Number of protein chains: 2
Amino acid sequence: MNIIHVDVASSARSATHRAYLALRKMIVTGTLKPGEKLKIDGLRKRLDTGASPIREALSLLTSDNLVERIDQRGFRTAEISKANFEEILLLRCQLEDLALRESIVNATDEWEELIVLAHHRMNRAKGKDPDLFEDLHKAFHMALLESAASPILLKFCSQLYDLNIRYRYLAGSALDYQRRDVGDEHTGILNAAVARDADTASERLLNHYRMTGAFLSGLLGNGTLA
Amino acid sequence: MNIIHVDVASSARSATHRAYLALRKMIVTGTLKPGEKLKIDGLRKRLDTGASPIREALSLLTSDNLVERIDQRGFRTAEISKANFEEILLLRCQLEDLALRESIVNATDEWEELIVLAHHRMNRAKGKDPDLFEDLHKAFHMALLESAASPILLKFCSQLYDLNIRYRYLAGSALDYQRRDVGDEHTGILNAAVARDADTASERLLNHYRMTGAFLSGLLGNGTLA
DNA sequence: CCCATGTGGAAAATCGATATTTCTTGCGGA
DNA sequence: TCCGCAAGAAATATCGATTTTCCACATGGG
């Protein structure tokens, strides 16, 4: 193949990895709708790659609970439901509580600087580049848990984060007009974490989650979504 | 999600699924050693199938933390370490505690019958068919958590179970001579669960894990393993 | 009229081959 | 002797094509 690919540093790697990132974003942001059939050939053309990378990427997404595999009948995006959302919310609260407390136990100055930086970068992108903001928002939340030094737990939290944010995207504009000042909440969490106050930090973090959680759960209940 | 469950009966389905089960068993039981390079071609011949099913199975195992993927350099089985083992043990205790308590909250007569049955089947296989016993042992532990009605949490627990049992296999005969009466422990957990006594059940379950855990951790520390 | 059975078409799963990348080894120069 | 480079060998990642499986619909029997 003589075609010169424009390999942007971050999106390079292998075709499988690119497909994985692209598909995950499409599912999380709702470009691919819940329960939608994922035809290999269609995606192949859409992402301009072969069938093998697509299949492998879908396999990986299956383990992230974003895609369901039906034996001999291909793949489809995960369904959504109120029960599923509430499970995710509850698990997130429980696991992030564990992780955050452990993280604060192991806190170091380096970690402190890490979360301050992550927080600043997130705020800088606020209102400018929504796409970038979302990435940095996740980065901030993960950074809070970083020094828990538990790769598996962090992976679980990362997965749950993606599952949760998918619902937020699905709610879309419905969520906008209830935008309380999320910025304040973030700052509050950050300050408590920097102060090594695990109880306060955890309480604020969980409130932060439950706030939007309750609202979304309401939408799912009254049939606005799904 | 089909793949995760312990399907004692069905060995067929797709080539990918067969490869997944076979490879997982090989890694968990130590046939494939920690850190070992997993050459596609070698496995292809060994399992008598094509390269695509192998690759897909390895992708799935990557998400189970049993296989590591190195970009453009193939796959290898996950490394082992004392830190990794202790992380698994701790997470297991935390997550299964959550799941078991929730399971007991939701307890029904059907669930009660389910765990009694799982316990009986496990004991029946004891000392006869070690391979079958292991499957039923996992089935028993998962059945305890079953009525938590939290598929994601159960999946996490299932993964952690496999990661943990891998260390047990690696310890192998070294573990045999410290065999306290595990049967009694199982019965104790079962009874507390049937009695809907969450505190006792959880305490016994966690002790059950920590018992072998401490021993294994010792082995990893003094260099007998790895 | 309803259910069972057969048939055509579409999609998935898998295979075989190619292209790309990485690893190894041996040679030459310092 | 040691380091670096380069060519060959090996393994991976990917593609295109084949085989297998499933689904929808029609057709005929009950």
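Atom set for the values below is all heavy atoms of this structure, side chains included, hydrogens, waters and symmetry mates excluded. No experiment lies behind these values; they were computed from the predicted model shown. Chain A is the first sequence line, chain B the second, and so forth, proteins listed ahead of strands; every chain is numbered from 1.
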Taking atom types as modelled, find out whether B:Thr31 and B:Thr29 have a side-chain donor-acceptor pair closer than 3.5 angstrom. yes
Quick check on contacts: within residues 36-51 of chain B, what sits under 4.0 Å from DNA chain C by heavy-atom distance? B:Thr49, B:Gly50
Bend angle of the helix from C:dC1-D:dG30 to C:dA30-D:dT1, from helix axes over five pairs at each end, nearest 10°: 20°
Measure the distance from CG on B:Asp71 to P on D:dT12 and round it to the nearest whole Å. 13 Å
Rounded to the nearest 0.5 Å, what separates atom NE2 in B:His141 from atom CD1 in B:Ile165? 8.5 Å
In whole angstrom, what separates B:Leu58's CG from D:dA13's P? 10 Å
Do you see a donor-acceptor pair shorter than 3.5 Å between the side chains of A:Lys138 and A:Ser158? yes
All heavy atoms of B:Ala143 vs all of B:Ile115, minimum pair found to be O-CG2, 3.6 Å
Please report the interatomic distance CD1(A:Ile80) to NZ(A:Lys33), rounded to the nearest 0.5 Å. 11.5 Å
Walking DNA chain C from its 5' end, the first of A:Ser52 and A:Gly74 to be reached, judged by nearest nucleotide, is A:Gly74
Does the plane of the ring in B:His186 sit parallel, tilted or perpendicular to the ring in B:Phe140? Use 30° and 60° as the thresholds. perpendicular
Separation of D:dC15 atom C1' from A:Glu56 atom CD, nearest Å, is 13 Å
For the pair made of CZ in A:Arg69 and P in C:dA12, what is the distance, rounded to whole Å? 11 Å
Given D:dA13, is OP1 or OP2 found less than 4.0 Å from the side-chain N or O atoms of A:Thr16? no
A:Arg73 has a side chain; which of C:dC15, C:dT14, D:dC22 sits nearest to it? D:dC22
Measuring from atom CG of A:Leu216 to atom NZ of A:Lys82, what distance do you get when rounded to the nearest 0.5 angstrom? 11.0 Å
Does C:dA12 have its OP1 or OP2 closer than 4.0 Å to a side-chain nitrogen or oxygen of B:Ser14? no
Is it the case that the side chains of A:Glu87 and B:Ser150 hold a donor-acceptor pair, with the cut-off being a distance below 3.5 Å and no angle test? yes
Would you mind telling me which of D:dA13, D:dT21, D:dC23 lies closest to the side-chain atoms of A:Gln72? D:dT21
Tell me: CZ of B:Arg18 to C1' of C:dT14, nearest whole Å? 11 Å
Looking at residues at least two apart in the chain, or sitting in another chain, which of them share a salt bridge (Lys or Arg N to Asp or Glu O under 4.0 Å) with B:Asp109? B:Arg196
